[in-house]
2 protein chains.
Amino acid sequence: MDRASRTSANVTSPATEAAETTGEQGDATPKRARARRRDRTTASMADVARLAGVSSQTVSRVSNGYAGVNEETRRAVLSAMKELGYRPNSAARALKRGEFRTIGVITFTLATTGNVRTLEAIATSAAHEGYAVTLLPVAIPTQDEVRGAFTRLEELAVDAVIVIMEVHLLDAATITLPPHVQVVVVDSDAGDHYTVVDTDQAGGTRTAVRHLLDLGHQTVWHLGGPEGSFAAQRRADTWRAALTEAGHVPPPLVRGDWTAESGYRAGLELAARENCTAVFAANDQMALGLLRALHERGRRVPEDVSVIGFDDIPEASSFLPPLTTVHQDFAEVGRLCVEAVLRKMRREGPERGTTLVPTRLVLRASTAPPPGRDAERP
Amino acid sequence: MDRASRTSANVTSPATEAAETTGEQGDATPKRARARRRDRTTASMADVARLAGVSSQTVSRVSNGYAGVNEETRRAVLSAMKELGYRPNSAARALKRGEFRTIGVITFTLATTGNVRTLEAIATSAAHEGYAVTLLPVAIPTQDEVRGAFTRLEELAVDAVIVIMEVHLLDAATITLPPHVQVVVVDSDAGDHYTVVDTDQAGGTRTAVRHLLDLGHQTVWHLGGPEGSFAAQRRADTWRAALTEAGHVPPPLVRGDWTAESGYRAGLELAARENCTAVFAANDQMALGLLRALHERGRRVPEDVSVIGFDDIPEASSFLPPLTTVHQDFAEVGRLCVEAVLRKMRREGPERGTTLVPTRLVLRASTAPPPGRDAERP
DNA sequence: CCATCGGATGTTTACGTAAACATTACAGCG
DNA sequence: CGCTGTAATGTTTACGTAAACATCCGATGG
């Protein structure tokens with residue numbers, strides 16, 4: 001109950017009481033009273049200094065772990081801090097230091113696993129480096145929206161920005177980037193203009209396509225992602241290239257929008273094609289919808305049709321059948337984003353270039369050799 | 001190409017050039033040079049004022065849309081702002097105003113749909129109100145971790161905090177909440193001490209259980225969530241109560257940890273029970289695993305076993321079979337969180353109390369009457 | 001015994017903004 | 001014609017912190 005009562009509602013500021021009992025300081029009382037501002041909820045360095053009997057500069061030194069402070073003095077300051085419940089004012093700190101220790105993350109949506117997992121990794125890595133993460137989702141990816149987002153981010157307190165989306169939408173908008181803000185981009189091929197960190201889309205795609213071809217499939221169909229996405233584009237391009245290089249004819253591309261529902265619709269279409277024995281879905285959600293469509297149409301997976309996904313979401317192992325898929329290391333992508341953006345801020349790294357995070361094929365139960373090996377041939 | 005070159009790497013500060021050409025101001029040059037700081041990337045109000053030939057206070061008035069400014073002067077200031085690429089310094093602003101216009105969100109994980117969707121809604125609503133959202137995921141929900149998170153949040157710039165987790169973990173930790181920071185909690189029953197916004201767990205659960213009983217099932221099994229979660233606790237309690245009230249005997253509780261994998265494991269167990277004809281899963285992911293387990297064990301859904309989930313994740317409609325589930329309005333929860341926390345900050349609302357967001361039963365294809373109506377009876 | 005050095009601490013100042021207060025100029029009015 | 005009121009703008013100051021610089025004091029060495 002003691003604990004439960006320590007809610008924000010019940011908190012009384014220890015700073016106030018302590019200040020009341022601190023009777024020295026001979027100067028005019030009205031000044032003191034005025035100096036205590038409209039709310040007397042927070043203690044400043046000056047308050048701590050007064051209580052500890054030192055200068056505020058010494059408090060600052062203790063607060064920042066500066067070396068040249070006598071151990072005894074340090075303890076006195078720390079104890080005063082504790083008594084007053086002192087917390088450094090980050091606004092003042094940011095103003096003085098000229099940096100916010102905050103990274104902004106701009107993204108269209110948190111509906112896709114990839115964005116979320118990347119974001120989570122970014123937040124974790126950033127926290128580890130002493131940075132906070134400010135989130136700014138932009139609901140509708142129009143150019144105006146994007147601009148709006150950035151404007152807000154500028155006025156907010158960020159030292160750097162990580163963009164989780166196709167950056168050409170940024171280029172296309174008339175955005176004035178604040179000059180000192182560093183940008184790192186995910187899901188883009190703009191490595192010649194930006195610093196880009198991304199999953200090795202091409203590598204993952206090749207692995208997937210090759211796996212299906214190695215099983216003996218004549219060709220591989222592709223259930224692609226939406227047009228705006230670089231990842232979708234890259235996966236589709238590589239899928240086509242990989243087939244062509246191996247001497248196979250790429251069938252027409254079928255597009256979805258990343259959702260399971262779109263995968264289902266596309267799946268109904270693919271299920272109707274007798275010669276479709278292998279499908280590479282651009283993400284696991286669409287693969288899920290695809291599996292349902294195939295099931296409804298009586299095409300067994302993997303006996304009749306092999307399906308492979310991309311992402312390796314946690315649920316993929318519980319699909320019917322468990323999905324063979326390309327594993328993305330989102331955590332690593334997020335980590336590298338933070339690393340890259342901090343390096344840029346410290347002018348330690350190159351201004352641009354692309355870093356790719358390798359993928360890994362996870363074999364489960366949704367792929368198998370085609371049914372009648374050499375059934376039909378074009 | 002013009003656009004592409006407007007990257008952070010290529011940006012030159014318009015402020016610098018303009019300042020260079022601003023030759024008036026007769027005072028000592030060295031002072032000017034020093035005042036321009038180590039980096040000359042940002043223009044301050046003083047710079048704008050100088051260029052526009054007004055005082056910085058007038059710039060401030062224009063910047064904040066203050067009324068008493070001559071239209072001509074206003075235009076001059078705006079034009080100077082544009083020329084210098086002026087952006088208000090939010091650190092200085094926050095320091096002066098005593099508020100950050102930022103809401104902190106603390107959460108254990110972004111792995112669950114609910115947290116993410118709520119977070120997204122919070123961010124959107126907050127942005128709409130002119131607030132930023134600072135994210136702080138805490139990897140492992142130990143008490144020390146929680147305390148660490150809050151310490152960091154305090155030192156960061158937040159005016160309020162939304163906690164997406166069971167708040168008793170907070171109570172149990174020795175956290176000193178900064179006195180002026182308002183807290184709103186999701187996933188808790190601590191409405192007597194905090195402001196709580198949550199989905200109507202009980203209502204949703206009752207709807208689900210009643211639906212299955214109405215179909216004629218003798219009883220309903222429950223695949224519950226992990227112990228630490230209030231939502232899991234609440235759903236389990238209500239499930240038990242609803243059964244008892246209807247004169248049915250609640251079977252033993254089977255627990256998972258929200259993941260599909262845990263649902264699968266639990267599902268294997270449930271599939272072995274002949275008398276299990278209806279299962280209420282505490283979330284959709286576990287329902288997915290459950291479906292797989294039942295399928296593997298040859299128990300058809302919904303012919304042999306009915307399954308109902310909770311959450312209504314987008315993928316639920318693509319499960320095999322499409323999942324009947326309880327729809328949660330996460331967007332509304334997030335929106336209400338922001339609303340509540342802002343109201344608390346403005347002292348317009350009550351300090352505590354619980355707001356529940358209603359659920360909705362979404363009927364799909366995973367539920368049906370039990371196989372042999374009056375087969376066995378306890 | 002005094003100059004010097006360096007550790008410990010204090011004082012001053014600036015960061016950029018905006019509230020509070022001060023000043024100016026001009027219109028309206030008796 | 002001078003007084004008053006008000007709109008427009010300028011000046012001063014404080015927000016809380018930390019860099020830069022200043023001071024103090026005891027120890028060390030010549």
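A note on names: the letters A, B, ... follow the listed sequences, proteins ahead of strands, and every chain is numbered from 1.
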Hey, is A:E72 close enough to A:R74 for a salt bridge, meaning N to O under 4.0 Å?
no
In Å and rounded to the nearest 0.5 Å, what is the CE to CD distance from A:M45 to A:Q57?
7.5 Å
How many Å lie between CG on A:N70 and P on D:dC24, as a whole number?
19 Å
Quick one: bend of the helix from C:dC1-D:dG30 to C:dG30-D:dC1 from 5 pairs per end, to 10°?
60°
For A:T118, all residues meeting side-chain contact (heavy atoms from CB on, under 4.5 Å), sequence neighbours excluded:
A:I122, A:I164, A:F330, A:V333
Atom CD of B:E99 and atom C1' of D:dC15 are separated, to the nearest Å, by 14 Å
What one should report as the nearest heavy-atom pair of B:A92 and A:L95 is CB-CD1, 3.7 Å
Rounded distance (Å) that lies between atom P of C:dT9 and atom CD of A:E71:
11 Å
Between A:R93 and A:N64: side-chain donor-acceptor atoms closer than 3.5 Å
yes
Go along nucleotides 17-23 of chain C 5' to 3' and tag each nucleotide: B for a protein heavy atom under 4.0 Å from its base, S when only backbone or sugar atoms are that close, - otherwise.
BBBB---
Between B:T102 and B:T134, does the side chain to side chain donor-acceptor pair (under 3.5 Å) criterion hold? Intermediate values first, please.
CA-CA 7 Å; B:T102 297; B:T134 285; 5.2 Å; no
A:M81 atom CE is separated from D:dG16 atom C1', nearest whole Å, by 13 Å
Do any N or O atoms from the side chain of A:T73 and from the backbone of A:V69 form a donor-acceptor pair under 3.5 angstrom?
no
May I have the distance from B:R75 (atom CZ) to D:dA8 (atom P), rounded to whole angstrom?
14 Å
Whole-Å gap separating C1' (C:dG16) and CZ (B:F100):
15 Å
Taking any heavy-atom pair under 4.0 Å as a contact, classify A:V59: base, sugar-phosphate, or nothing.
nothing
Go through B:L135 and B:I106 one step at a time and tell me if the side-chain contact (heavy atoms from CB on, under 4.5 Å) criterion holds.
CA-CA 6 Å; B:L135 183 61; B:I106 185 171; over 6 Å; no
Which distance, rounded to the nearest 0.5 Å, do you find between the CG of B:L336 and the OG1 of B:T195?
12.0 Å
For C:dG10 and A:T58 - does any side-chain N or O of the residue sit under 4.0 Å from the phosphate oxygens OP1/OP2?
yes
